[in-house]
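Computation of the quantities below employed the complete heavy-atom set of this structure, encompassing side-chain atoms and omitting hydrogens, waters and symmetry-equivalent molecules. These figures come from a predicted structure and were not determined experimentally. Proteins come first, then strands; the chains are lettered A, B, ... in the order of their sequence lines, and each starts at number 1.
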Number of protein chains: 2
Amino acid sequence: MEIKSSTVKEILERYKTIWALNHASGVLGWDREVYMPEEGIGGRSLAAAEIAKLIQKLMLDESFVKLIDKAKEERDLTDDERGIIRMLERDLKFYRRVPPEIVAEFAKTTSEAFVAWRTAKEKADFKIFAPYLERIVELTRVIADKLGYDEHPYDALLDLYEEGLTSRDVDSIFSVLEPGIRRLLGRLEARGWPRSHPLEEEPYDRQSMEAAIREVLGLIGYPQRRFRLDVSPHPFTTGLASPFDVRITVRYPPRDFREPLFSAIHEFGHALYELQIDESYAFTPIGTGVSLGVHESQSRFWENIVGRSRGFTAHIAPILRRHLPFLSKYSDDDLYYYFNIVRPSLIRTEADEVTYNLHILLRYRLERLMVAGEVKVADLPALWNDEMEKLLGIRPKNDAEGVLQDIHWSHGSIGYFPTYTLGNVIAAQIRHAFGTLEEAVAAGRFAEIKEWLREKIHRWGAVYPPKELVRRATGETYNPTYLLNYLENKYK
Amino acid sequence: MEIKSSTVKEILERYKTIWALNHASGVLGWDREVYMPEEGIGGRSLAAAEIAKLIQKLMLDESFVKLIDKAKEERDLTDDERGIIRMLERDLKFYRRVPPEIVAEFAKTTSEAFVAWRTAKEKADFKIFAPYLERIVELTRVIADKLGYDEHPYDALLDLYEEGLTSRDVDSIFSVLEPGIRRLLGRLEARGWPRSHPLEEEPYDRQSMEAAIREVLGLIGYPQRRFRLDVSPHPFTTGLASPFDVRITVRYPPRDFREPLFSAIHEFGHALYELQIDESYAFTPIGTGVSLGVHESQSRFWENIVGRSRGFTAHIAPILRRHLPFLSKYSDDDLYYYFNIVRPSLIRTEADEVTYNLHILLRYRLERLMVAGEVKVADLPALWNDEMEKLLGIRPKNDAEGVLQDIHWSHGSIGYFPTYTLGNVIAAQIRHAFGTLEEAVAAGRFAEIKEWLREKIHRWGAVYPPKELVRRATGETYNPTYLLNYLENKYK
């Protein structure tokens, strides 16, 4: 890290306290999902809320803000210094523009909304969740207005998750992806959709599966003394703004070993990003992945482009057969086929890499309408089902497998979904920029692939805004044609 | 909780932030010992130090201190309110009197001293540790002077760990215990010390042992949704100033199942205290065990007085035999004997309940001399060995099994050891006050015992200072004769 400005030095010194609170929040969140006894939840929520308030207070501390304002005016800042100021200003912008009462009400609403959503999903009844979603949309709109935007209020929300991303960017991505994917799906449909596969119903031993996962991750290579693999209801990665302690979780549903296998590889992609950030950025605002989209590019790159490739299948097939004896009758080709079954399905999280982005397109369209006030919340279920039928030719039988399937809206995360597709787009750009990726994978040259990612993306942490990082790494900004080419080539 | 004063209400409202930081520190500490990847230590130490500084800053915030000063002057405070103010003032006293530079230097010194102690112990060479201990003693003496005391600087240190405890109290306890225990040991020695027992070298299966422990704890009864049992290098209990999330750890050395069994019961005693504190005290300064001594009375009560009793052995023997098949040839009486072998030994943590307090007496004497400057650090090893020979008739062969055996001094914890003996003393007072304890244990009336402890001790959290709590629970203050009677009766 290159720090020359004494103002920035002072900022970093003071930032340590904020870093410590972020670190604590991260560990508290990880613990809540993984090991906390059930009844600890009340105290944990109180602690999380208090710490969030304290972070806001420390960020808005007048003397700290003054330092940031002062540093901003300085000339000849290094890239690292500019990155630090940029990241702090992003947080400051939110804290300054969105009044704490709104933040508090949003937190209260979403925590109630989450409970309502869970019940609504269980009962497949959108009406239970609707009033909460209405309130969330109202508050989200208020937040978007407070934050400000040039063209569409949705842009203010996109920027929260992906710095600088606009509806124009997303529209331009989907304007290529939608027709291309639908064309590809048309060709696949002509051959007939594959039937259900026996392995989808095959139970597996959980301990053996975990052993297999550890071996698969070991094949790619990770620093054991900086990494953990645990179990939680939903897989996730915890980075703590330092490359010295990064943790992933998976879950083990009773059947279909693909889920834990590919979620582990997916989360490993996230983890590797955090693990390979320049060590000198640790405990600073730039010691973290720069955005959700770039993060997702890393997880999708490893999960899909590497993980579901023919070459990778050949590497892991012997490991899987050793730990899961029921696989002995399946060849490498059988497994490769099984890992890459494409068919329209209702649930996003179970979707293959071809149809996946249409699930996102559906959500993107609905979110924009919601935020613009152009659709009533009450009309969402029907709209969802109509869009699903248009995009994928299938129609949910109920709200649980339709509009209620995702947790995101109950959390108030509107503007988040597009980062999933952006991740897929960037992952394919990386594949192209790397050059002969499939050959490197087939040859097991994982160290080389990791080094490329480290040098081009990971090490930079949050120094550069996402668009600039992608341009530096791949030579161009978001370009969805590589994703389309990759998919067409793989599924031809 | 009875809160009438609006000032105290405001204090509690503001205290929530401090509670949250304490909660975070607790979870960070737990995670560090139990699950944190090794290389996370640098960041974790930074976070812990920053959070400690922040707690101090929030405590010393002028407006917060004013509230406390104001509340102190109010009349008609309830017991709960007085407890809250008393606990806050204890912290304030330390923060106000001990300059932050001293605290910082102490933290730096002890963190280096810990590393030196570990090496010194490995090499059984006190000289490696001596310069660090010298500096720790100096700083400790400064802290004692800053804190202030009436008779002996050691009293200022005792009070840090056990509110109100003085050298006079400790002297008075040992003036009864030392001759009594030596008399008892004399009688036991006359019969000859028992030889080594085959179970001491017997390996056990770790999974089976854990299953046995869970069953033994289940027999006593604990709230599963508020409790965790994990593994760490040294057993400990984590309370988070709320009864909703309490965690213990044990370790599983390769041989001798007694260690994990009785450490689990010991830690369970600590946990039960925290678990049974009045729920309305959660997230306040009184929602925690009041002192180390009272805490230790709970762990020793369950470990020794209940756990090593003949009646309890009869309850757990079938569980142990089921999980540890090598016990099938041992009768209940064999196990009872094995759980209660008394013989002089060099290592405190392995000592039986008779000799244990002489190990503490040795440390108490040395610590008082150190703090008073009446012994040179360089002379400690010889002094230790001489004292050991006087008290227990055995002499360490090297420093590792003598003066270097405990971690405490390297942590800067001088004045801590006496709380162990105080815990034993209070535990025996509780046994006496309960009345027919051995009958209740034999009859498996654990709910009744727990309810007694809850009503007399646990529920009160830190409302009353330790001496007052003990007086309320047992009808008198510290009285070591019950411990002596218990030991004489058990080992006659």
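For Q224(A), the CD atom counts as loosely surrounded, since its 6.0 Å shell holds 12 or fewer non-hydrogen atoms of other residues, nucleotides or ligands.
Here R228(A) contributes atom CZ and D31(B) contributes atom CG; the two are 8.0 Å apart, rounded to the nearest 0.5 Å. In this structure, CD on E39(A) lies 14.0 Å from CZ on F227(B), to the nearest 0.5 angstrom. Note that the CZ atom of R14(A) and the CD atom of E50(B) stand 11.5 Å from one another [nearest 0.5 Å].
By the salt bridge (Lys or Arg N to Asp or Glu O under 4.0 Å) test, E101(A) pairs with no residue at all, sequence neighbours left out.
For a heavy-atom cut-off of 4.5 Å, chain A lies close to F244(B), D245(B), R247(B) in residues 229-251 of chain B. For a heavy-atom cut-off of 4.5 Å, chain A lies close to T17(B), W19(B), A20(B), L21(B), H23(B), A24(B), V27(B), L28(B), W30(B) in residues 17-30 of chain B. Using non-hydrogen atoms only and a strict 4.5 Å limit, no part of residues 209-219 of chain B faces chain A.
Taking each heavy atom of P37(B) and R225(A) in turn, the nearest pair found is CB-O, 3.3 Å.
Contact of L58(B) with chain A is made through the side chain alone, with heavy-atom distances under 4.5 Å.
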